[in-house]
Amino acid sequence: MHKIRVLVVDDHTIIRDGIRALLTLVTDIEVVGEAANGREAIEKTRELAPDVVLMDIAMPIMDGLEATRRIHKEFAETKVLVLTQYDEEEYIFSIIEAGAQGFITKTAASSELASGIRAVY
């Protein structure tokens with residue numbers, strides 16, 4: 001069975017650890033790497049070729065929107081699902097405009113995370 005290869009990008013280690021722990025319970029998804037900022041996300045995408053990048057927006061060094069733009073342009077086969085605390089219209093438009101295939105809020109139920117990853121994949 002093919003597993004969906006996911007790169008988790010968030011500047012908070014505890015969030016990355018929690019997402020990894022949640023996704024280990026899902027049989028068709030595999031976390032192949034992690035990054036703490038947008039610049040690392042681009043490097044890890046180049047190195048690991050994930051199917052989906054789960055991307056936070058607010059991060060140091062390079063934010064998630066800029067990283068999404070670059071990943072969308074350079075790695076067209078890689079899908080981006082933004083995981084964000086923001087759900088205001090202005091952010092949603094910016095997320096889609098940057099090239100993300102979808103978004104999920106950090107207030108969503110954990111079961112929605114795997115569904116979101118499958119949907120953008």
Side-chain angles (χ1 to χ4, degrees):
M1 172 178 70
H2 172 75
K3 290 190 176 197
I4 302 170
R5 298 167 39 82
V6 176
L7 173 65
V8 178
V9 184
D10 195 291
D11 57 324
H12 296 99
T13 304
I14 197 165
I15 299 293
R16 292 192 314 269
D17 290 348
I19 291 169
R20 181 182 285 275
L22 282 171
L23 294 178
T24 59
L25 303 173
V26 181
T27 59
D28 63 333
I29 296 174
E30 174 186 15
V31 175
V32 295
E34 299 177 11
N37 61 64
R39 185 177 302 148
E40 282 184 19
I42 294 166
E43 292 167 5
K44 295 282 186 168
T45 299
R46 184 175 292 113
E47 175 187 331
L48 301 170
D51 298 311
V52 176
V53 176
L54 186 61
M55 181 78 73
D56 186 24
I57 290 181
M59 296 182 291
I61 302 174
M62 180 188 294
D63 70 28
L65 288 177
E66 181 60 27
T68 296
R69 280 185 201 93
R70 293 182 186 195
I71 288 170
H72 179 68
K73 183 177 180 179
E74 189 175 339
F75 310 99
E77 68 285 352
T78 299
K79 309 301 183 204
V80 177
L81 174 63
V82 171
L83 179 63
T84 182
Q85 66 184 351
Y86 308 110
D87 62 357
E88 292 86 17
E89 238 177 68
E90 65 187 81
Y91 288 105
I92 296 167
F93 289 129
S94 296
I95 290 166
I96 301 306
E97 189 176 73
Q101 283 70 34
F103 78 97
I104 188 167
T105 64
K106 289 183 176 178
T107 59
S110 59
S111 61
E112 294 179 61
L113 184 58
S115 296
I117 290 169
R118 287 185 195 106
V120 300
Y121 173 71

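Hydrogens, waters and symmetry mates are skipped; everything else that's a heavy atom, side chains included, is used.
M59 and I104 fall into different hydrophobic clusters, where Ile, Leu, Val, Met, Phe, Trp and Tyr are joined by side-chain heavy atoms under 4.5 Å apart, directly or via other members. Cluster annotation: L54 and I92 are assigned to distinct hydrophobic clusters (Ile/Leu/Val/Met/Phe/Trp/Tyr, side-chain heavy-atom contacts under 4.5 Å, transitive). Residue L7 is not grouped with residue I15 when hydrophobic side chains (ILVMFWY) are merged at heavy-atom distances under 4.5 angstrom, including chains of intermediate members. I61 is not connected to V8 by any chain of hydrophobic side-chain contacts under 4.5 Å among Ile, Leu, Val, Met, Phe, Trp and Tyr, and they are in different clusters.
Between A35 and A41, the shortest heavy-atom distance links the atoms CB-N, 3.6 Å. Heavy-atom minimum distance, A67 versus M55: CB-CE, 3.7 Å. Among all heavy-atom pairs drawn from L81 and G116, the shortest one is CD2-C, 3.6 Å. Contact detail for V120 and G102: the closest heavy-atom pair is CG1-N, 3.9 Å.
The side-chain contact (heavy atoms from CB on, under 4.5 Å) search around T13 returns R16, D17, not counting sequence neighbours. Applying the ring-ring contact (aromatic ring centres under 6.0 Å, His included) rule to F75 yields no partners; only residues at least two apart in sequence or on another chain are considered. Listed by chain and residue number, I42, M62, E66 satisfy the side-chain contact (heavy atoms from CB on, under 4.5 Å) test with R70 (two or more places apart in sequence, or in another chain). By the salt bridge (charged side-chain N to carboxylate O under 4.0 Å, His left out) test, K106 is found to be paired with D10, D56, residues two or more places apart in sequence or in another chain being considered. The salt bridge (charged side-chain N to carboxylate O under 4.0 Å, His left out) check on E97 picks up nothing, with sequence neighbours excluded. Taking the side-chain contact (heavy atoms from CB on, under 4.5 Å) definition, one finds that V32 meets it with R5, E30, L48, P50, sequence neighbours left out. In this structure R39 satisfies the side-chain hydrogen bond (donor to acceptor under 3.5 Å, both in side chains) test with no other residue, sequence neighbours excluded. For E40, the side-chain hydrogen bond (donor to acceptor under 3.5 Å, both in side chains) criterion is met by no residue, not counting sequence neighbours.
Between L23 and I117 there is a side-chain heavy-atom pair separated by less than 4.5 Å. For the pair T105 and Q85, the minimum side-chain heavy-atom distance is 4.5 Å or more.
Sorted by first and then second residue, the pairs that involve residues 73-83 and meet side chain to side chain donor-acceptor pair (under 3.5 Å), not counting sequence neighbours, are R46-E74. Residue pairs meeting the salt bridge (charged side-chain N to carboxylate O under 4.0 Å, His left out) criterion with at least one partner in residues 112-121, sequence neighbours excluded, are D28-R118.
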### Query
Please walk me through it: do N37 and D11 pass side chain to side chain contact (heavy atoms under 4.5 Å, CB included)?
CA-CA 6 Å; N37 61 64; D11 57 324; 5.9 Å; no
### Query
Under the side chain to side chain contact (heavy atoms under 4.5 Å, CB included) criterion, do I19 and L83 qualify, and how do the steps go?
CA-CA 11 Å; I19 291 169; L83 179 63; 3.5 Å; yes
### Query
How far apart are the C-alpha atoms of V9 and K44, what are their side-chain angles, what is the distance that settles it, and do they pass the side chain to side chain contact (heavy atoms under 4.5 Å, CB included) test?
CA-CA 10 Å; V9 184; K44 295 282 186 168; over 6 Å; no
### Query
After noting the C-alpha distance and the side-chain angles of I95 and I57, does the key distance pass the side chain to side chain contact (heavy atoms under 4.5 Å, CB included) rule?
CA-CA 9 Å; I95 290 166; I57 290 181; 3.6 Å; yes
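Around atom CD1 of I14, no more than 12 heavy atoms belonging to other residues, nucleotides or ligands sit under 6.0 Å away.
In this structure, T84 OG1 and F103 CZ are separated by 8.5 Å, a value rounded to the nearest 0.5 Å.
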